[in-house]
Amino acid sequence: MTSKLLRGRTLSFLRWPEATDDHAAWRYEKDGGLLIDNGTIIAAGPYAEVAKRAGAGVETIDHRPHLLLPGFIDAHVHFPQMQVIASYGAELLDWLNKYTFPEETKFRNAQHGRRIARLFLDEMLRHGTTTVAAYCSVHKSSAEAFFAESHDRNMLNIAGKVMMDRNAPDGVLDTPQTGYDDTKALIAEWHGKGRQLYAITPRFAITSSPEQMEMATALCREYPDLHMQTHLSENHAEIAFTQELYPWSRDYTDIYEHYGLLGRKSLFGHCIHLSEREADALSQSGSVAVFCPTSNLFLGSGLFDYQRYRRREKPLRIAAATDVGGGTNYSMLRTMDEGYKVIALNGEKLNPFQSFWQLTRGNAEALSVADRVGTLNEGTDADIVVLNAHATPAMRLRMETVETLAEELFLLQTLGDDRAVREVYVAGQPAKSTIAA
């Protein structure tokens, strides 16, 4: 790979921004430069300084007046559900049985899995997302398809084959032993290959028997550095059914606690209806609660209390995610727009710097990958999104009255979508402009 120098307005976060005037929380250059070599950012700062360091002959790509940010990160998404998105009229458990499980049955066909994996990662990149934590189907071949496609694009992605051995159609069930064996084989083949990371993935307690949960425990003990992802406390009927299946449990979280699945690399999708005890358990273990606003609104599941979870005496680590296909959009901009509304319905607000912190550095920290992605720091992987706040007629008109960076970010969050994503770089290579229309 040859070196290249990107020029534009650069924005990267150093920590959580307390307010819109908390300038110490981010680094913004009105005329910034990013020098990239072999997929890594080797210099970042004012363009004039970075250009001197680059020297003569380095290719310069001028993205002015657009914004350059770290690529977006999606902490919870189901790649097999692309043809489930926008399915009408059901709550969680009915929705799974009516739409999701029949769709995921199709992934017995490896060719289908390869096609959807390709289209899924196309869609992520089109919307500016460069890293995801993805659920594959129960079929080993679906995870193979996902990782192969991700590796070909040199993306940093986290994924796993779901483990589920009950309360679903036969076409999407494994057994405790095959779930364990397939997961081990996938870890051996894919974890650490290029930029690929594996997540042990019991779908949720309803679809895993105690025997399978024990297998998930064994895997987490054998591979303590891996991620673990599952679902928790999304829907009242789900919570009630879960506790019927595990009558000894104090609450839903206690089941995962019992099987040793809490921890700093444990990602729990939804976490809407947590008791104080459950929130304490997640906090004390460093587990991550994943906020999925478009999905929670679409399925009528409830309102994630983002600001209270952040401010409580024992705060939660929080990530944000699309949760496609329960989620209704592939865009993290659209996700944070809906997240803003959920938080507003809880009587709070999320300022635009906090939103963009969340979908870049915040999600990277939650996924324990902030040393590699989520910032524009020197030495990190050059995963970058270029945003155009003038992308549509409505945005151009509104931009006539925008005076501050905070207002521009809020406009991008409120009106932006894939059209606002001008280009995406994955490990320093252009990725959006190479996707077939």
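What you see is a predicted model; the values in this text were computed from it and never measured. Values reported hereafter were calculated over all heavy atoms of this structure, with side chains retained and with hydrogens, waters and symmetry mates removed. Heads up: numbering here begins at 1 and tracks the sequence.
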Geometric class of the Phe410/Tyr340 ring pair [parallel <30°, tilted 30-60°, perpendicular >60°]: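 Judged by the thresholds at 30° and 60°, the geometry between Tyr340 and Phe410 is perpendicular.
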Report the relative orientation of the aromatic rings in Phe304 and Tyr309; use parallel for angles under 30°, tilted for 30 to 60°, perpendicular for over 60°. perpendicular
N/O donor-acceptor pair under 3.5 Å between [X] side chain and [Y] backbone:
{"X": "Glu278", "Y": "Ser275", "result": "yes"}
{"X": "Gln354", "Y": "Leu350", "result": "no"}
{"X": "Lys4", "Y": "Asp37", "result": "no"}
{"X": "Ser249", "Y": "Asp254", "result": "no"}
{"X": "Lys161", "Y": "Val138", "result": "yes"}
{"X": "Thr201", "Y": "Val162", "result": "no"}
{"X": "His273", "Y": "Ser233", "result": "no"}

Is it true that [X] and [Y] make a salt bridge, defined as a side-chain N closer than 4.0 Å to a carboxylate O?
{"X": "Glu49", "Y": "Arg53", "value": "no"}
{"X": "Glu276", "Y": "Arg312", "value": "yes"}
{"X": "Arg7", "Y": "Asp31", "value": "yes"}
{"X": "Arg15", "Y": "Glu365", "value": "no"}
{"X": "Arg195", "Y": "Asp381", "value": "yes"}
{"X": "Glu348", "Y": "Arg311", "value": "yes"}
{"X": "Glu104", "Y": "Arg203", "value": "yes"}

To the nearest 0.5 Å, what is the distance between [atom1] on [X] and [atom2] on [Y]?
{"X": "Leu68", "Y": "Leu6", "atom1": "CG", "atom2": "CG", "answer": "6.0 Å"}
{"X": "Leu409", "Y": "Trp26", "atom1": "CG", "atom2": "CH2", "answer": "9.0 Å"}
{"X": "Ser331", "Y": "Met124", "atom1": "OG", "atom2": "CE", "answer": "9.0 Å"}
{"X": "Glu123", "Y": "Thr322", "atom1": "CD", "atom2": "OG1", "answer": "11.0 Å"}
{"X": "Ile200", "Y": "Leu261", "atom1": "CD1", "atom2": "CG", "answer": "8.5 Å"}

Inspect the surroundings of [atom1] in [X] and state if more than 12 heavy atoms from other residues, nucleotides or ligands are less than 6.0 Å away.
{"X": "Gln284", "atom1": "CD", "result": "yes"}
{"X": "Arg310", "atom1": "CZ", "result": "yes"}
{"X": "Arg422", "atom1": "CZ", "result": "no"}

Tyr252 and Glu238: side-chain hydrogen bond (donor to acceptor under 3.5 Å, both in side chains), yes or no, with the steps? CA-CA 9 Å; Tyr252 196 165; Glu238 168 212 13; 2.6 Å; yes
Hey, does [Y] have a side-chain heavy atom less than 4.5 Å from the side chain of [X]?
{"X": "Ser266", "Y": "Phe268", "answer": "yes"}
{"X": "Asp383", "Y": "Ile73", "answer": "no"}
{"X": "Thr253", "Y": "Arg277", "answer": "yes"}
{"X": "Asp305", "Y": "Ile272", "answer": "no"}
{"X": "Met336", "Y": "Gln413", "answer": "yes"}
{"X": "His258", "Y": "Tyr246", "answer": "no"}
{"X": "Gln83", "Y": "Tyr99", "answer": "no"}
{"X": "Phe79", "Y": "Leu121", "answer": "no"}

Measuring centre to centre across the rings, with the benzene-like ring taken for any Trp, is [X] within less than 6.0 Å of [Y]?
{"X": "His63", "Y": "Tyr425", "value": "yes"}
{"X": "Tyr135", "Y": "His231", "value": "yes"}
{"X": "His270", "Y": "His76", "value": "yes"}

Test side-chain contact (heavy atoms from CB on, under 4.5 Å) applied to Leu226 and Ile187, step by step: CA-CA 9 Å; Leu226 265 60; Ile187 293 168; 3.5 Å; yes
What verdict does the side-chain contact (heavy atoms from CB on, under 4.5 Å) test give for Glu144 and Leu186, after you've listed the backbone C-alpha separation in whole Å, the side-chain angles of each residue and the deciding distance to 0.1 Å? CA-CA 7 Å; Glu144 291 168 338; Leu186 288 163; 3.7 Å; yes
Closest contact, heavy atoms only, Leu412 versus Ala420: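 Reported closest heavy-atom pair: CD2-CB, 4.0 Å.
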Within 45° of the ring axis of Phe13 and under 6.0 Å from its six-membered ring centre, is that where the NZ or CZ of Arg361 lies? no
side-chain contact (heavy atoms from CB on, under 4.5 Å) evaluation trace for Asn329 with Glu338: CA-CA 10 Å; Asn329 204 289; Glu338 295 302 302; over 6 Å; no
